[in-house]
Amino acid sequence: MSEAPPLQTVNPQLDQSVLSANAVTVVKALREAGFDAYLVGGCVRDLLLGRTPKDFDVATDATPEEVKAAFSRARLVGRRFRIAHVQFRREYIEVSTFRRGNPEETDEGEAGFDGNDRSVDGVILRDNLYGTRDEDALRRDFTVNALYYDPIDDVLLDYSNGLRDISDRTLRTIGDPMTRFREDPVRILRAVRFAAKLDFRFHADTERAIAPLAELLTAISPSRLFDEFNKLFMRGHAVAAWELMHRFGLPEILFPLFENEDSIVRAALQSTDERIREDKPVTSAFLFAAMCWPEFQRRSALSATARNAADERLKAAHAVIGEQALTVAIPRRLTFFIRDVWRLQTRLERKTARGMLDHPRFRAAYDFLAIRAKVGEADPDLVQWWTDAQTERGAEGDSPTTQPRTQPRRRRRRRSRGRRAADGRQVRPQ
Ligand code: ATP
Ligand code: MG
């Protein structure tokens, strides 16, 4: 790949008001300690597009240990690639050491799925992965993600015409797309995610490489695909991402049980996007419930008789969730949610209000019933019946969201300020 020096733009007119003061503090401190440091990746891209970055990443020639030594509030995370998180009150800045691309390695993402922080490779191999700033730029995935911004001198470094692609709203891999997608097939999903989020089109060569290589995604670990699933669908651009995925035959690869009739999935994605826009809690379990629902229905209809229906439905639920999790992992806490939401559909259909309104998953099951009604699979009058049941209950002075009182009331744990997903996971704001 080219060794040409980066194009430098002095005073690139970034909106300084949305720049994180903490990120600038980190860059400044590293510079003062004698290291090289820049803002890099998604935050620079988003600033140039006039969007507010979700978070700020810093790249430096300091090793993770040196970063840790420079900040008392830094801790090292990541398995294969150690990175430092410098913690501030409401934000942490991710600081990664320049590294070179290694075709033998796939990029495991910046933070591991299970938060496991041990190294698999040992120190020596990790040292070999570090590189210069130039190497760091070339190992990044897309041209628009390889811009380095120095907030002190207000200079932008552009190694691969990222600025041009930002102004053309084009997503293009750095280097040959076939090679880059083969090196790390997750970049295919990243391409879809960025195109959906930024409303970019693909450069022709990049687009041409996607469908033929999509099958390589089956070799990616289910836990990494779960991470990617969340980034694709839980950030407010799920419907757009899903459309693009269809263009490349990706749904069939990630969700092998999925059949092309996907109206319930679309309805669930749309509701997720809307809830995020309204700042309501969301959980990916709801999406899995929708993705696997048609197959679950088919299987339980096949095996169930009137006498064993509940058992057979439970077995079918286990089987379907288990099979889906072979491709995209479904953490245990989410499987409980999915099973409850499915199971409660039968109770909602029977209009047995007793105890139902107090069920901790009632709201989720009701929302699920509503999307089923929206796609013509459940009776809208039934949804209305349950809406009324809640209103009546509300009128009796007991809010429908009140927790069940059958057990002694436990003290509610104090919650941190961040939003929480319905299943209790913390959701980082966009
Ligand atoms: P977002 O706004 O969604 O966080 P991002 O571009 O910051 O977008 P991250 O996943 O946070 O995406 O990654 C940070 C940067 O690390 C990217 O901009 C890119 O330069 C690099 N990167 C991340 N994953 C890969 C990968 N699989 N291959 C190559 N480069 C990657
Ligand atoms: Mg990022």
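The first residue of the sequence shown is numbered 1, and numbering continues consecutively from there. Just so you know, ligand 1 is whichever comes first in the structure, and atom 1 is the first atom listed for that ligand.
- By the salt bridge (charged side-chain N to carboxylate O under 4.0 Å, His left out) test, Asp136 pairs with Arg139, Arg140, sequence neighbours left out.
- Looking at residues two or more places apart in sequence or on another chain, you find a ring-ring contact (aromatic ring centres under 6.0 Å, His included) between Phe286 and Phe368.
- When non-hydrogen atoms are compared, ligand 1 lies under 4.0 Å from the backbone of Arg140 as well as from its side chain.
- A heavy-atom separation below 4.0 Å is found between Arg235 and ligand 1.
- Taking a cut-off of under 4.0 Å to the non-hydrogen atoms of Gly42, the atoms of ligand 1 that pass are 5 (P), 6 (O), 7 (O), 18 (O).
- Judged by the shortest distance from any of its heavy atoms, Phe142 lies outside the 4.0 Å radius around the atoms of ligand 1.
- Distances from atom 11 (O) of ligand 1 to the heavy atoms of Asp57, Thr143, Asp227, Asp136 show the closest one on Asp57.
- In this structure, Glu65 does not pair ionically with Arg82, as no charged nitrogen and carboxylate oxygen lie closer than 4.0 Å.
- Atom CG of Leu156 sits about 5.5 Å away from atom CG of Leu147, to the nearest 0.5 Å.
- Which of Arg193, Lys197, Lys231 comes nearest to atom 3 (O) of ligand 1 through a heavy atom is settled by distance: it is Arg193.
- Listed here is the closest heavy atom pair of Leu171 and Ala191: CD2-O, 3.3 Å.
- Using a cutoff of 4.0 Å between basic side-chain nitrogens and carboxylate oxygens, Glu295 and Arg298 are scored as salt-bridged.
- Both tests hold for Arg99 against Phe81: distance to the six-membered ring centre under 6.0 Å, angle to the ring axis within 45°.
- Counting the atoms of ligand 1 from 1 in the order shown, those under 4.0 Å from a heavy atom of Arg187 are 26 (C), 27 (N), 28 (N), 29 (C).
- The shell of residues lying under 4.0 angstrom from ligand 1, judged by heavy atoms, includes Asp184.
- Close to ligand 1: Arg139, with a non-hydrogen atom less than 4.0 angstrom away.
- In the model, Tyr38 has a side-chain atom that pairs as donor or acceptor with a side-chain atom of Asp36 under 3.5 Å.
- Interface atoms of ligand 1 facing Phe194, defined by a heavy-atom separation under 4.0 Å, are 6 (O), 8 (O), 12 (O).
- Arg180 does not count as a contact of ligand 1, since none of its heavy atoms falls under 4.0 Å from the ligand.
- For ligand 1, the atoms sitting less than 4.0 Å from at least one non-hydrogen atom of Gly41 are 18 (O), numbered in the order shown with element in parentheses.
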